[in-house]
Amino acid sequence: MDWKNTIFADSGRYFVSNPLPEKGETITLWLRICEWSPVKQIILRTKLNGVEVLLPMAWDYSREGLAYFKTSVTLWEDVFHYHFYLVTQDEVYYYTQNGLTRAMPDETFDFKVLVGYQQPEWVKNAVFYQIFPDRFCRGNEKHRVKDGEYSFNGCPAIQVKNWSQIPGGYWDSHCMDFYGGDLEGIIQKIPYLKKLGINALYLNPIFYAATVHRYDCLDYFHVDPHLGGDDALVKLSRALHMNGMRLILDVSVNHTGTAHKWFNKNGEFFPLSQGAYHNRGAKEREYYLFKEKKEKQIAKRAGTDAGIKADTGTGTDTEEGGKEYKAWNDVETLPTLNYASKALREVIYEGEDSVVRHWLKAPFAIDGWRFDVADVMARNDAVQLHHEIWPEIRKKIKDANKDAYILAEDWCDCAEFLKGDEWDSAMNYFGCARPVREFAGEQDWFLQKYDYFKEIPSPQDAELFARRVGAHLHKLPTVIQQNQFNLLDSHDIARLHNNPAVSHGAWKNAVLLQFALPGCVSVYYGDEAGIDGRIQDVEGCRYPMPWDKEFQKEGAYILHHRLIQLRRKTKAFTEGSFKMLYAKDKQFVCARFTDKERYIVACSMEKEERTVDFSVEGLGWASCAKGSDLNGEKLCVPVNDGWIRLTLPAESGCVLRVELE
């Protein structure tokens, strides 16, 4: 037995008296350790007013063989960060969110309490269902796009007659193939969603737009009529809230479409007299980043690098009329918005009826926003405004609805935005989807995009998986960990179960891990139905929902339903602490626990049966662990001297509840 396995603390409600304190409030913090440890003194190390402070901790109580030590502190700064010193007879150990070490740590992995943070507390209990509206359910035929009803970028609209038709690639349809899913169809499927256990929806863009994905918005202030218009959103929001379900919407305020009424490049939807592209005097001109022609720039640089500059309608025109512009990712149809413009800020978030505030208010009353390409927003080479803009957006959103969820798209390490004053969470590709998918047998999604990585196989190593998960979580306060938007699939990434390199058993384990990690869960529409798809292009993850199949009797649906029910009924999985217990070869074991519940999640990606031994000493005195595997088979495993020996069949997983003595 090793006393070091029993050390634990975090900054959640079971180890902090109030994890969401206000300034001037005194809180109590605990650390727990086995009663028989050789530790003589436990000290909480922090900084107050910039000065290092060591606060001795005193024994408070003992329970199930674990001793709880506490200290108290009054908070005056925005972030209270700390770690622990554990002093034995002849050694000093240091304990941070990254674990126990003999080397004195820096503050990178300190525990953190956010003072005055407005957490959307409903999120930690949420099981989201992400819907790509056009491909989910047809509700009203009168909303459907007609063949050739309009054209965008030279491509006509296509009405897909057969709901089961396989979507073509981009060069077949140019994102103009409309299946006819709408908001009324979502309303009709609320009973289905409730039965599955869903209590929150995330909808891909629904605002007036030219293409099926609708990220090329034409008007932020109206729901697309082909989805049912503004009234349909009012009805959907009311229906969801009456059924105890939340709603967040997707919006791209990094860029618009070229057909947006503010830009209006080709006059497909608005007269050419309207918008910035053809009218240098238009008020919307400063909303965008227009370029000057290169030959004019050279004359004006005079030894400086002008680069891309905002054109506010003043100065000398170019030969082209100042019609070159910056576009997101150099996609010509997606012109980038210019957040150096105060007028743009007013209409996007500052104004009382600005875009982000308008839809949070009645009668729409949405519960939050998912911001598309948030990682690049308000960033333009020499002009970096992102850490100015995001706190302002957050304040305006929270003024409108203090419980609103602020979800941002970022595929990489984004801890700089997760400090309590900007985002509540990113789409958790970095700390969930990417490491889980790699552990299941798929090459890391970012690496596979580059030729020089393509032939390198996935490591599928549990220790590396644990390190990747820890690299994300261990920098975040617990209240931010609880907000994490854990996903496997989305509209931007091939569905994992469609990848022939990933076995069915590995996929089931991936779903299990998604539900085990701290944060909420997002199920991409159709994953529970084993929806068809392909991995070669993004259109391959946007197949229509297979309502004609009896998938509710199949394994994918049963697995999702079982895990959703477990999560919604069990506080350990919504607000409980998280600890990784074992990570070796292709086996991974973690624990989720509160003061009353203790669960173990274990999985093996091996092709053969494996037996693992791991310590549960840190969970308190235990007699056995009971539960079931992913096929529903009952299990009961004894605990001997604080250890469990668990045999895992090939590519299998299980959830066990630890029973106390």
Side-chain angles (χ1 to χ4, degrees), residues 4-16 19 29-33 44-47 79-86 93-114 117 119 124 410-420 422-436 438-439 444 461-486 513-514 516-520 572-573 575-584 588-593 601 614 618-619:
K4 302 183 193 70
N5 292 332
T6 69
I7 302 166
F8 190 81
D10 63 22
S11 56
R13 61 169 292 192
Y14 299 103
F15 292 89
V16 177
L29 305 103
W30 286 271
L31 176 143
R32 77 182 188 190
I33 190 171
L44 184 146
R45 183 270 184 194
T46 186
K47 282 183 178 177
V79 180
F80 176 71
H81 62 88
Y82 57 99
H83 56 259
F84 300 95
Y85 295 177
L86 293 92
Y93 294 86
Y94 305 94
Y95 184 64
T96 71
Q97 289 200 122
N98 209 35
L100 192 68
T101 177
R102 290 288 312 283
M104 183 175 288
D106 62 17
E107 298 169 0
T108 303
F109 297 108
D110 268 13
F111 299 91
K112 299 178 183 72
V113 174
L114 302 180
Y117 174 61
Q119 184 190 40
K124 62 190 176 188
D410 194 320
W411 292 62
C412 301
D413 182 4
C414 55
E416 64 177 297
F417 293 99
L418 300 177
K419 298 177 180 179
E422 297 182 74
W423 307 341
D424 290 316
S425 177
M427 301 281 287
N428 197 15
Y429 293 105
F430 183 72
C432 179
R434 289 174 60 185
V436 170
E438 183 182 55
F439 188 38
D444 180 80
D461 179 277
E463 183 177 359
L464 296 179
F465 167 72
R467 287 183 181 180
R468 290 191 69 176
V469 170
H472 180 61
L473 291 177
H474 295 164
K475 288 180 285 190
L476 305 181
T478 300
V479 293
I480 298 291
Q481 293 180 22
Q482 293 170 348
N483 300 336
Q484 293 308 287
F485 192 85
N486 294 328
L513 291 172
Q514 178 194 14
L517 294 176
C520 64
F573 285 97
E575 63 179 21
S577 299
F578 172 77
K579 185 175 183 178
M580 292 184 272
L581 302 179
Y582 185 93
K584 188 176 180 182
F588 177 80
V589 183
C590 65
R592 298 299 308 272
F593 53 94
V601 175
F614 55 92
L619 302 180

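Please read all numbers here as calculations on a predicted model, not as lab measurements.
- Using a 4.5 Å cut-off on side-chain heavy atoms (C-beta onward), Asp424 and Tyr117 make contact.
- Within 6.0 Å of NZ in Lys419 there are 12 or fewer heavy atoms belonging to other residues, nucleotides or ligands.
- With Gln481 contributing its side chain and Pro518 its backbone, the two residues share no donor-acceptor pair below 3.5 Å.
- By the 4.0 Å N-to-carboxylate-O rule, Asp110 lies too far from Lys47 to be salt-bridged with it.
- Between Arg32 and Gly618 the shortest heavy-atom distance is NH2-O, 2.9 Å.
- The side-chain contact (heavy atoms from CB on, under 4.5 Å) test applied to Ala572 returns Thr570, Arg592, Thr594, Glu597, Tyr599, not counting sequence neighbours.
- In this structure, Val16 and Thr478 have side chains that are not in contact, with every pair of non-hydrogen atoms separated by 4.5 Å or more.
- Judged as a ring-ring contact (aromatic ring centres under 6.0 Å, His included), and not counting sequence neighbours, the contacts of Tyr85 are His83, Tyr94.
- Trp30 CH2 to Phe8 CZ: the interatomic distance, rounded to the nearest 0.5 Å, is 14.5 Å.
- Taking every heavy atom of both residues into account, Trp423 and Cys414 meet most closely at CZ3-CB, 3.9 Å.
- Residues Cys520 and Asn483 share a closest heavy-atom pair of SG-O, 4.2 Å.
- For the salt bridge (Lys or Arg N to Asp or Glu O under 4.0 Å) condition, the pairs that include at least one residue of residues 471-484, sequence neighbours left out, are Asp413-Lys475.
- Remark: Asp444 CG to Arg434 CZ distance equals 4.0 Å, nearest 0.5 Å.
- Side-chain atoms of Gln514 come within 3.5 Å of backbone N or O of Asn486 as a donor-acceptor pair.
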- [ ] In sequence, state the C-alpha distance, the side-chain angles, and the governing distance for Leu473 and Met580, and then conclude on side-chain contact (heavy atoms from CB on, under 4.5 Å).
- [x] CA-CA 12 Å; Leu473 291 177; Met580 292 184 272; 6.0 Å; no

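- Separation of atoms CZ (Phe465) and CG (Leu513) is listed at 4.5 Å; rounding is to 0.5 Å.
- Contact annotation: the side chain of Leu476 approaches that of Gln484 to within less than 4.5 Å [non-hydrogen atoms, C-beta and beyond].
- The shortest heavy-atom contact between Phe84 and Ala9 is CE1-CB, 3.8 Å.
- No side-chain heavy atom of Arg13 sits under 4.5 Å from any side-chain heavy atom of Gln482.
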Task: Audit row: Leu114, Val79, side-chain contact (heavy atoms from CB on, under 4.5 Å) steps and yes/no - done: CA-CA 5 Å; Leu114 302 180; Val79 180; 3.9 Å; yes

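- The side-chain contact (heavy atoms from CB on, under 4.5 Å) test applied to Glu463 returns Asp461, Arg467, not counting sequence neighbours.
- The side-chain contact (heavy atoms from CB on, under 4.5 Å) search around Ala591 returns Leu581, Phe593, Leu619, not counting sequence neighbours.
- Considering only residues two or more places apart in sequence or on other chains, Asn98 meets the side-chain contact (heavy atoms from CB on, under 4.5 Å) condition with Thr96, Phe109, His474.
- Closest of all the heavy-atom pairs between Thr46 and His81 is OG1-O, 2.6 Å.
- A salt bridge does not link Lys112 with Glu107: none of the charged nitrogens is closer than 4.0 Å to a carboxylate oxygen.
- Annotation: side chain of Tyr429 is not in contact with side chain of Asp410 (no heavy-atom distance under 4.5 Å).
- Taken to the nearest 0.5 Å, the CD atom of Gln119 stands 5.0 Å off from the NZ atom of Lys124.
- Going from atom OG of Ser11 over to atom OH of Tyr82 covers 5.0 Å, rounded to the nearest 0.5 Å.
- With ring centers used as reference points, Tyr93 lies 6.0 Å or more from Tyr95.
- Rounding to the nearest 0.5 angstrom, the gap separating the CG atom in Leu29 from the CG atom in Leu44 is 6.0 Å.
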- [ ] Show the numbers, then the answer: is there a side-chain contact (heavy atoms from CB on, under 4.5 Å) between Leu517 and Asn428?
- [x] CA-CA 11 Å; Leu517 294 176; Asn428 197 15; 5.8 Å; no

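- Shown here for Leu418 and His472, the closest heavy-atom pair between the two residues is CD1-CE1, 4.2 Å.
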